[in-house]
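Some notes on the structure that comes next.
Letters A, B, ... mirror the listed sequences (proteins, then strands); counts begin at 1.
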There are 2 protein chains.
Amino acid sequence: MGKGAETRERIIEIAEASVLAKGFGATSIEEIIVEAGITKSGFFYHFKDKNELAHKMVRRYVDENNRVFDEIFERGHQLSDDPLQAFLISLKLLAETMSDLPSGHPGCLIASICYQERLFDRDVRNLIAQSVKEWHMRFRAILDDIAVVHRPRDAIDLGDVADMLSCIVDGAIIMSKALNDPKRIERQVLAFRSFVKLLFSPATAQLEKPPVPDSIQAA
Amino acid sequence: MGKGAETRERIIEIAEASVLAKGFGATSIEEIIVEAGITKSGFFYHFKDKNELAHKMVRRYVDENNRVFDEIFERGHQLSDDPLQAFLISLKLLAETMSDLPSGHPGCLIASICYQERLFDRDVRNLIAQSVKEWHMRFRAILDDIAVVHRPRDAIDLGDVADMLSCIVDGAIIMSKALNDPKRIERQVLAFRSFVKLLFSPATAQLEKPPVPDSIQAA
DNA sequence: CGCAAAACTGTATCGACGGTACAGTAGTTC
DNA sequence: GAACTACTGTACCGTCGATACAGTTTTGCG
């Protein structure tokens, strides 16, 4: 990585933390450059304006997010051949990942920007819509695979179930911020996991242990 | 209502629409007073600063929200004696209410402020935490009532299920903003309804009609 | 009607911020 | 040593939140 790229990276990191804490509108270029140890001219050398910073920031966030998702759902696939069990394992891993972040989840950049949409140009908004659609397709594909093996116990659209995970994570982040309780995110992901379990488990399996070990402690 | 109170009301209404569209930090007093047809001096006569505006705005939002909730869950209670059926009816009403808003849901003020928390003083943040806790207790009480009659099919904490509704609504609002698709909110509330149905319905009721009519069209 | 309080207006000023312009410079690379 | 990258320094503009304070209109009450 060249020196310029390094500086850009540092600026984006600082900006992201500030945007998640205060919102984009309230994040001043002044504070970013002070923390980054550069001048205002330096900032505008790297980014033509604040909107370009937003665009590069969202790009970075989405890529990193997708990387984590890939890892988690790949791991679940490794630990069980049954698509339902693999997904349930991945959801537990996701819940743990969310709660392991030291000072609580920093928040979802996508959500932060959605609440200030008028501040951003079409490029940024398209990028966000694109990534939400990608998450939908990712979860939808997993649920379709499960439905091949396990018949759903309710006639609900699996696309809506897929969206539900995104909604719950974003909603839980907001709740954890409002109550200053990072543990809510983990519990909400596990609540969604409970829904998936109920939706695909055989009707007779009332309050009994699932066929494949629920815990992945031994793995 | 006196003339002063009327003006304050108008200012708060204008401010709320702007905050939901752009965020609090990007909402200028200038644009508020132009739209309200007053001067800057007039604004600061009613509110000592922007933070006081935020506080009164949140107060109004929470009160109105609670009023709508009271109405919806009261109506469900009228339409069925069974607590589960009453809740399922109310959730359908809630979904309809959410989707009936002409140009999509304006967004959750609480969520908007959570993403810009550093901008607000302790008063505003306490008010928000309080209202989130109130929603938790409201839904928790309903679920506890249901659990007396219908045994849950999973050992999930009912407090988490209660929180899930708040999370899903907030998350769905974000998603509907990101995709510019207001219908997502309705569908997510109905997905939550499906979860509640699965959680409390007897294990044998696989894909069959519930005992009490699901639809409230005839009501 | 008269008067006081409420509900403003008008003017001026301040510091912080986003953004622009442009000249200059230190370090690296071919 | 020329070209290029990665900046710094300085100066300036318009907007915004906020403060101060004197002046004016509107309203309700006795």
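The pair Asp70(A)-Arg138(A) meets the salt-bridge criterion, with a side-chain N (NZ, NE, NH1 or NH2) lying under 4.0 Å from an Asp/Glu carboxylate O. With salt bridges taken as basic N to acidic carboxylate O contacts below 4.0 Å, one links Glu64(A) and Arg67(A). A salt bridge links Asp154(B) with Lys197(A): the closest approach of a Lys/Arg side-chain nitrogen to an acidic carboxylate oxygen falls below 4.0 angstrom.
Checked against a 6.0 Å centroid threshold, the rings of Phe87(B) and Phe200(B) do not count as neighbours.
Distances shorter than 4.0 Å separate none of the side-chain N or O atoms of Ser28(B) from OP1 or OP2 on dT15(D). Checking the phosphate oxygens (OP1, OP2) of dC21(D), no side-chain nitrogen or oxygen of Ser41(B) falls inside 4.0 Å. OP1 or OP2 of dT27(D) has not a single side-chain nitrogen or oxygen of Lys3(B) nearer than 4.0 Å. Residue His46(A) places none of its side-chain N or O atoms closer than 4.0 Å to OP1 or OP2 of dA6(D).
In this entry the distance linking CD1 of Ile32(B) with P of dC16(D) reads 11 Å, nearest Å. Taking atom NZ of Lys22(B) as the reference point, atom C1' of dC16(D) lies 12 Å away to the nearest angstrom. At whole-Å resolution of the value, CD1 in Ile29(B) and C1' in dT19(D) are 12 Å apart. Taking atom OH on Tyr45(A) and atom P on dA21(C), their separation rounds to 18 Å, with Å as the unit. Summarising the geometry, the separation between CD1 on Ile11(A) and P on dA6(D) is reported as 12 Å, rounded to the nearest angstrom. Regarding Ile33(B), its CD1 atom lies at a distance of 13 Å from the P atom of dT15(D), rounded to whole Å. Atoms CZ (Phe44(A)) and P (dC22(C)) sit 16 Å apart, rounded to a whole Å. Protein atom CZ of Phe43(B) is 13 Å distant from nucleotide atom P of dC8(C), rounded to whole Å.
Residue-level contact check: Gly42(B) touches the bases, meaning some heavy atom is under 4.0 Å from a base atom.
Side-chain atoms of Trp135(B) and Asn66(B) form a donor-acceptor pair, as typed in the model, at a separation below 3.5 Å.
Between the base of dG19(C) and the side chain of Lys50(A) there is no donor-acceptor pair shorter than 3.5 Å.
Each of Arg8(B) and Glu30(A) was matched to the nucleotide of DNA chain C holding its nearest heavy atom; the match closer to the 5' end belongs to Arg8(B).
The Asp49(A) side chain lies nearest to dG19(C) when the options are dG19(C), dC16(D), dG18(C).
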